[in-house]
Amino acid sequence: MTLLAVAGLTKRFGGIVANRDISFEVRPGELVGVIGPNGAGKSTLFDLITGVTRPDDGRVTLDGRDITALRPDQISRLGVARTFQKLRPFHQMTALENVMIGALQSTADVGAARRAAEEALASVGLAERAHAHARALSTGQRKRLELARALATRPRLLLLDEVTGGVDQGAIPGLIRLVRDLHARGPALVVIEHNMQVIMELAQRIVALQLGEVIADGQPAEILRHPRVIDAYLGESWRPA
């Protein structure tokens with residue numbers, strides 16, 4: 001079965017082609033990594049999947065339903081959530097209030113949204129910081145806040161854009177465990193990540209991009225040996241002897 005299908009996605013910004021004929025699928029419960037150098041089109045791909053940007057060609061389907069032309073809020077209500085590489089909390093609001101905004105995507109009941117937000121904060125280890133303002137949180141805590149806000153929408157598909165990016169090295173193992181725990185609860189995950197150690201520990205399958213195109217799609221061990229991935233991204237130190 002296929003949960004998400006991306007078929008022939010192409011996006012141009014003037015003379016720049018950010019994504020070119022990208023196609024891949026994600027099965028229910030799968031954890032897929034997306035790798036590639038800066039400028040490979042990874043975040044643009046997430047924008048196209050979640051309706052932030054419209055593609056010039058191609059389509060996105062969720063459970064066989066074409067969602068290409070839907071707005072971000074409509075796609076969210078169908079069970080797709082994401083985090084952003086650049087953290088975007090409402091700094092003047094508390095952590096709880098930030099997450100309630102996500103919860104209100106799926107319910108108009110403020111009490112229910114509050115309970116969902118409290119549950120999401122607890123699941124990412126921020127229960128004790130629920131009433132702290134977002135501006136008072138560390139980078140690692142804001143990463144967890146982004147996750148909680150996405151989780152509060154109760155997604156079937158969760159897109160994570162560099163969840164370990166910019167955090168202290170000591171915080172990375174905890175974030176890896178958190179992503180594993182989230183995945184174990186059921187949603188399919190698609191994870192953009194630059195840290196190859198992180199992606200190798202998490203991903204069941206890896207899609208590699210270069211200059212907006214898919215250059216490899218396969219098991220992690222296969223991707224590490226793939227000549228185009230080594231040339232475009234990993235470097236000579238990864239080439240088999």
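Qualifying salt bridge (Lys or Arg N to Asp or Glu O under 4.0 Å) partners for Glu97, counting only residues two or more places apart in sequence or in other chains: none. In terms of the side chain to side chain contact (heavy atoms under 4.5 Å, CB included) criterion, residue partners of Thr139 (sequence neighbours excluded) are, by chain and number, Leu87, Val167. Partners of Thr68 according to the side chain to side chain contact (heavy atoms under 4.5 Å, CB included) rule, which considers only residues two or more places apart in sequence or in another chain, are Pro55, Arg59, Val60, Asp66. Residues meeting the side chain to side chain contact (heavy atoms under 4.5 Å, CB included) test with His194, sequence neighbours left out: Asn38, Lys42, Glu162, Tyr233. Here Asp231 pairs with Arg239 under the side-chain hydrogen bond (donor to acceptor under 3.5 Å, both in side chains) rule; sequence neighbours left out.
Annotation for Val229 and Ala208: closest pair CG2-CB, 3.8 Å, computed over non-hydrogen atoms. The two residues Arg12 and Asp56 have their closest heavy-atom pair at N-OD2, 2.6 Å. A pairwise comparison of heavy atoms in Gly29 and Ala188 identifies N-CB, 3.7 Å as the closest pair. Heavy-atom minimum distance, Pro173 versus Gln169: CD-O, 3.5 Å. Across all non-hydrogen atoms, the minimal contact from Ala148 to Ala120 is O-CB, 3.5 Å. The two residues Ala150 and Thr83 have their closest heavy-atom pair at CB-CG2, 4.3 Å.
Under the 4.5 Å side-chain heavy-atom criterion for Ile, Leu, Val, Met, Phe, Trp and Tyr, Met196 and Leu209 are members of distinct hydrophobic clusters. The cluster map of Ile, Leu, Val, Met, Phe, Trp and Tyr, joined by side-chain heavy atoms under 4.5 Å apart, puts Ile35 and Leu158 in the same cluster. A continuous path of Ile, Leu, Val, Met, Phe, Trp and Tyr side chains, each step under 4.5 Å between heavy atoms, connects Val124 with Leu202, placing both in one hydrophobic cluster. Met100 and Leu145 fall within a single hydrophobic cluster, where Ile, Leu, Val, Met, Phe, Trp and Tyr side chains are chained together by heavy-atom contacts under 4.5 Å. If you chain together hydrophobic residues whose side chains sit under 4.5 Å apart, Val179 and Val32 never meet in one group.
Pairs engaging residues 177-193 under the salt bridge (charged side-chain N to carboxylate O under 4.0 Å, His left out) rule: Arg180-Glu201 [sequence neighbours left out]. Pairs engaging residues 143-152 under the side chain to side chain donor-acceptor pair (under 3.5 Å) rule: Asn98-Arg149, Glu146-Arg149 [sequence neighbours left out]. Within the structure, every pair that satisfies the salt bridge (charged side-chain N to carboxylate O under 4.0 Å, His left out) test and touches residues 99-115, not counting sequence neighbours, is listed here: Arg114-Glu118.
Here the CG atom belonging to Leu189 is positioned 8.5 Å from the CG atom belonging to Leu159, to the nearest 0.5 angstrom. One distance of note links CG of Leu96 with CG of Leu126; it measures 11.0 Å at 0.5 Å rounding. Rounding to the nearest 0.5 angstrom, the gap separating the OG1 atom in Thr61 from the CG atom in Leu3 is 9.0 Å. Here CD1 of Ile75 is found 8.5 Å from CG of Leu62. Values are rounded to the nearest 0.5 Å. Put simply, CZ on Arg71 and CZ on Arg54 are 9.0 Å apart, with the number rounded to the nearest 0.5 Å. Taking CD1 from Ile16 and NZ from Lys11, the interatomic distance works out to 12.5 Å, rounded to the nearest 0.5 Å.
Ser106 contributes a side-chain N or O that, together with a main-chain N or O of Ala103, makes up a donor-acceptor pair within less than 3.5 Å. Here the side chain of Gln204 pairs a donor or acceptor atom with the backbone of Leu31 at under 3.5 angstrom. Checked by atom type and distance alone, the side chain of Ser76 never pairs as donor or acceptor with a backbone atom of Ala81 at under 3.5 Å.
Residues Val34 and Ile199 have side chains not in contact (no heavy-atom distance under 4.5 Å, counting atoms from C-beta outward). Annotation: side chain of Leu78 is in contact with side chain of Leu70 (closest heavy-atom distance under 4.5 Å). By the 4.5 Å heavy-atom criterion applied to side chains, Leu160 and Leu147 are counted as neighbours. Inter-residue side-chain proximity for Val6 and Phe24 is flagged as met; some heavy-atom pair is nearer than 4.5 Å. Within the 4.5 Å cutoff, the side chain of Val163 has no heavy atoms near those of the Leu178 side chain.
Ile101 belongs to a hydrophobic cluster whose other members, connected by ILVMFWY side-chain contacts under 4.5 Å either directly or through intermediates, are Phe90, Met93.
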Would you tabulate the side-chain donor-acceptor contacts of residues 212-224 under 3.5 Å, counting partners in other chains and residues two or more places apart, or write 'none'?
unit_1	atom_1	unit_2	atom_2	d
Glu213	OE2	Arg20	NE	3.0
Asp217	OD1	Arg205	NE	2.8
Glu222	OE1	Gln219	N	3.1

Table please: side-chain donor-acceptor pairs of residues 44-52 below 3.5 Å, with sequence neighbours left out.
unit_1	atom_1	unit_2	atom_2	d
Asp47	OD1	Arg82	NH1	2.6
Thr50	OG1	Phe46	O	2.8

Report, one line per pair, each donor and acceptor closer than 3.5 Å where one atom sits in a side chain of residues 128-136; sequence neighbours left out.
unit_1	atom_1	unit_2	atom_2	d
Arg129	NH2	Ala136	O	3.3
His133	NE2	Gln92	O	3.4
Arg135	NH1	Gln92	OE1	3.0

Report task. Tell me, with the steps shown, if Ile192 and Gln85 meet side chain to side chain contact (heavy atoms under 4.5 Å, CB included). Result -> CA-CA 9 Å; Ile192 292 174; Gln85 179 182 354; over 6 Å; no
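When the shell of 6.0 Å around CD of Gln197 is examined, it contains 12 or fewer heavy atoms from other residues, nucleotides or ligands. The environment of Arg27 atom CZ is sparse: at most 12 non-hydrogen atoms of other residues, nucleotides or ligands sit within 6.0 angstrom.
Looking at Asp63 and Arg65, no side-chain N of the basic residue comes within less than 4.0 Å of a carboxylate O on the acidic one, giving no salt bridge.
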